[in-house]
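Below: one structure, written as structure tokens.
These numbers come from a predicted model, not from an experiment. Atoms within a ligand are numbered from 1 in the order they appear, just like the ligands themselves.
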Amino acid sequence: MSAEQKNPLREGLSGERVPPPNTMVIFGASGDLTKRKLVPALYSLARDRLLPSTFNVVGVARREIAHEAFRGAMRESCDKFARRRPVEDSLWDHFSQALYYSSGTFEDPKTYEKLKKMLAELDEKRGTLGNRVYYLSTPPSEYPVIIKMLGEAGLINKSKDGPFTRVIIEKPFGRDLESARSLNQEVHEVMREDQAYRIDHYLGKETVQNILVFRFANALWEPLWNSKYVDHVQLTVAEAIGVEGRGGYFEGSGIVRDMVQNHMFQFFTLMAMEPPVAFEADAVRDEKLKVLKSLRAMPTNPEELGKFVVRGQYGAGSVSGNPIISYRAEKDVKPESAVETYVAMKMFIDNWRWAGVPFYLRSGKALPKRVTEIAIHFKKAPHSIFPNAASQLATEPNVLAIRIQPDEGISLKFFSKVPGPTMDVLPVPMEFRYGTSFGAEPPEAYERLILDCMLGDGTLFTRGDEVEASWAWIDRIEKSWAESKAPPFPNYAAGTWGPEAADQLLAQDGRAWRRL
Ligand code: BG6
């Protein structure tokens, strides 16, 4: 066996995981996501021989361009962004023959007639058997019309018999409960729930999936995973970049809608849920939903809410020596914008496992570094028999840190005796690093998710009721903020760890944020 064949990251992905022939139609083919993520992910899958032998991509966008021009643009993208680089010419020749393009506006029925004809011809010519994956990678305002038009054009097979149709819907899925509900209704008019693949790329990250393996393939943690042993949990997504030209989008979103409702709630629910009966779509999603349903609702009175949620917006500063302009100075951002680029929250899950355990969550742009992690702070040792270490043991707990990115891994902090004649103790880490243990780069999140969709496995996608439950919880915060005055923004400088009030949120409970 070659070293590559032995790569454990690929075990279980090869062999039986090759999907049936199909055509993937990408709406929004001229967009950034197609260029940076989707087509490069497809190329890397092809390179790893994980795509079916008969497979097509049809890009749909407004602009009129020829198939060849689309192929040329996608080659440039793969040269820049594919995980499997450099792109191999002979493989590219084969792969690019599967790339097609069809122009049209999303509101025009002719776009779908033309597409239908092209898909039928491709089935005939290339043997794709009528199986379809539609990928909605357009601005979210276009989702309802595309879904409706696909249905009206007869491009969705709602029946469980015959060729499959699946629809991948990019985030954001709605911007509040009402819009998410109405989008769910549009979806359910034309397809079954199990044909809708609401994507959240965090679920495609190896380290997020590893939360499940870590918790449920090891008997060691489960007895400790509850309010008896856990003091509190800290969930962090820190980004070093500002909004970087995405001001127009961010003004309509803010960090809670952009990061918390979706990405953070995904790994938070996996970390907190009960053991599912199986690693299967509905079993896993049922448990995640229960966590969301057990989340204690936030107070809507702004003053009360302030005791649980702190919002921030960055002013000018610098990260690693690079200057960052203030959020309000970004293109398309209002000079007096009240949109939050930072949030810290204290949440409670009112169920048997977690009663009384605070979950502190924070996410922000323009923070000192990029880190995503879950840190489980255990209760302190009840009593110290080491006089030299009494105060240390009384203040520092064991911490299990699951590093989602970068430097993916898991570390457990515990106390050890300092070598020497006295009984001094110091915290030391027990470390697992992906890079060292597996010696390979994990696949891109989109590769895993696209492959799962082609295979009909929705485990790593979000169900409609789950999205609605998360919006129902988030809406109370957004509504209270919309109706009250924001704190004086900016209230943290780019390159710092957020507003002071975020530190007070923990200090009032006698705790502090972990230094990352
Ligand atoms: C996107 C958000 O969904 O996720 C961005 O819109 C954010 O604002 C990005 O930067 C973070 O993704 P990752 O994979 O870089 O952590």
Side-chain angles (χ1 to χ4, degrees), residues 28 31-38 40-41 44 81 83 135-141 143 168-175 180 197-211 235-268 270 311-314 319 324 327 330-333 337 339-343 361-374 402-408 434 441-450 460-462 467 470-471 474 494 498 516:
D32 234 32
L33 187 73
T34 308
K35 263 188 253 164
R36 284 173 178 269
K37 298 286 182 190
L38 305 185
S44 299
F81 302 116
R83 179 177 58 88
Y135 201 118
L136 308 194
S137 160
T138 62
S141 54
Y143 298 166
I168 305 183
I169 307 167
E170 256 303 326
K171 74 159 269 245
F173 194 91
R175 67 180 312 276
Y197 286 71
R198 297 171 194 80
I199 197 164
D200 184 310
H201 77 278
Y202 266 58
L203 282 177
K205 291 183 193 275
E206 284 288 323
T207 39
V208 172
Q209 292 160 43
N210 197 37
I211 297 170
L235 308 141
T236 304
V237 177
E239 291 188 279
I241 50 171
V243 298
E244 297 200 325
R246 292 167 76 224
Y249 157 76
F250 214 78
E251 279 286 276
S253 168
I255 204 86
V256 171
R257 289 191 171 100
D258 186 48
M259 294 301 294
V260 178
Q261 178 271 337
N262 38 67
H263 305 324
M264 292 196 82
F265 272 16
Q266 289 303 332
F267 64 77
F268 159 60
L270 291 179
R311 53 181 156 161
Q313 187 193 76
Y314 65 86
V319 176
I324 292 201
Y327 174 70
E330 279 280 350
K331 192 169 160 282
D332 301 325
V333 171
S337 171
V339 169
E340 84 289 355
T341 61
Y342 176 98
V343 71
L361 169 158
R362 61 179 160 166
S363 183
K365 300 268 182 198
L367 300 184
K369 51 161 120 160
R370 177 172 182 253
V371 191
T372 299
E373 73 151 41
I374 304 172
I402 303 176
R403 289 189 307 274
I404 289 169
Q405 64 187 21
D407 189 21
E408 291 81 356
Y434 269 76
E441 221 189 307
E444 263 278 319
Y446 279 95
E447 294 174 29
R448 170 67 195 255
L449 296 175
I450 288 172
L460 301 177
F461 293 82
T462 320
V467 184
S470 59
W471 278 125
I474 295 287
L516 300 169

> What is the nearest protein non-hydrogen atom to atom 10 (O) of ligand 1, stated with its residue, atom name and distance?
Replying inline: Glu239 OE2, 2.5 Å

> Of all the atoms in ligand 1, which lie at a distance below 4.0 Å from a heavy atom belonging to Lys365?
Replying inline: 5 (C), 7 (C), 8 (O), 10 (O)

> Only one of Arg362, Glu340, Gln313, Met264 clears side-chain contact (heavy atoms from CB on, under 4.5 Å) with Ile255; which?
Replying inline: Glu340

>> Taking the basic N atoms (NZ, or NE/NH1/NH2) and the acidic carboxylate oxygens, is any pair closer than 4.0 Å for Glu239 and Lys365?
In response: yes

> Under 4.0 Å between a Lys/Arg side-chain N and an Asp/Glu carboxylate O for Asp32 and Lys37?
Replying inline: no

> Nearest to atom 6 (O) of ligand 1, what protein heavy atom do you find, and at what distance?
Replying inline: Asp258 OD1, 2.6 Å

> Which residue supplies the protein heavy atom nearest to atom 12 (O) of ligand 1, what is that atom called, and how far is it?
Replying inline: His201 NE2, 3.2 Å

> Does one side chain, of Gln405 or Thr207, offer a donor that lies under 3.5 Å from an acceptor on the other?
Replying inline: no

>> I need the nearest protein heavy-atom contact for atom 16 (O) of ligand 1: residue, atom name and distance, please.
In response: Tyr202 OH, 2.5 Å

> Val237 and Met259: which non-hydrogen atoms are nearest, and at how many Å?
Replying inline: CG1-CE, 3.5 Å

> Against heavy atoms of Lys171, which atoms of ligand 1 measure under 4.0 Å?
Replying inline: 1 (C), 2 (C), 3 (O), 6 (O)

>> So if I count the atoms of ligand 1 from 1 in the order they appear, which ones are less than 4.0 Å from some heavy atom of Lys205?
In response: 13 (P), 14 (O), 16 (O)

> Can you find a non-hydrogen atom of Phe250 under 4.0 Å from ligand 1?
Replying inline: no

> Relative to each other, are the rings of Tyr327 and Tyr314 parallel, tilted or perpendicular (30° and 60° limits)?
Replying inline: perpendicular

>> What protein heavy atom lies closest to atom 4 (O) of ligand 1? Include the residue and the distance to one decimal.
In response: His263 NE2, 3.4 Å

>> To check your reading of the model: name the closest protein heavy atom to atom 15 (O) of ligand 1, its residue, and the distance in Å.
In response: Arg370 NH2, 3.6 Å

> Parallel, tilted or perpendicular: which describes the rings of His263 and Tyr202, with under 30° parallel and over 60° perpendicular?
Replying inline: parallel

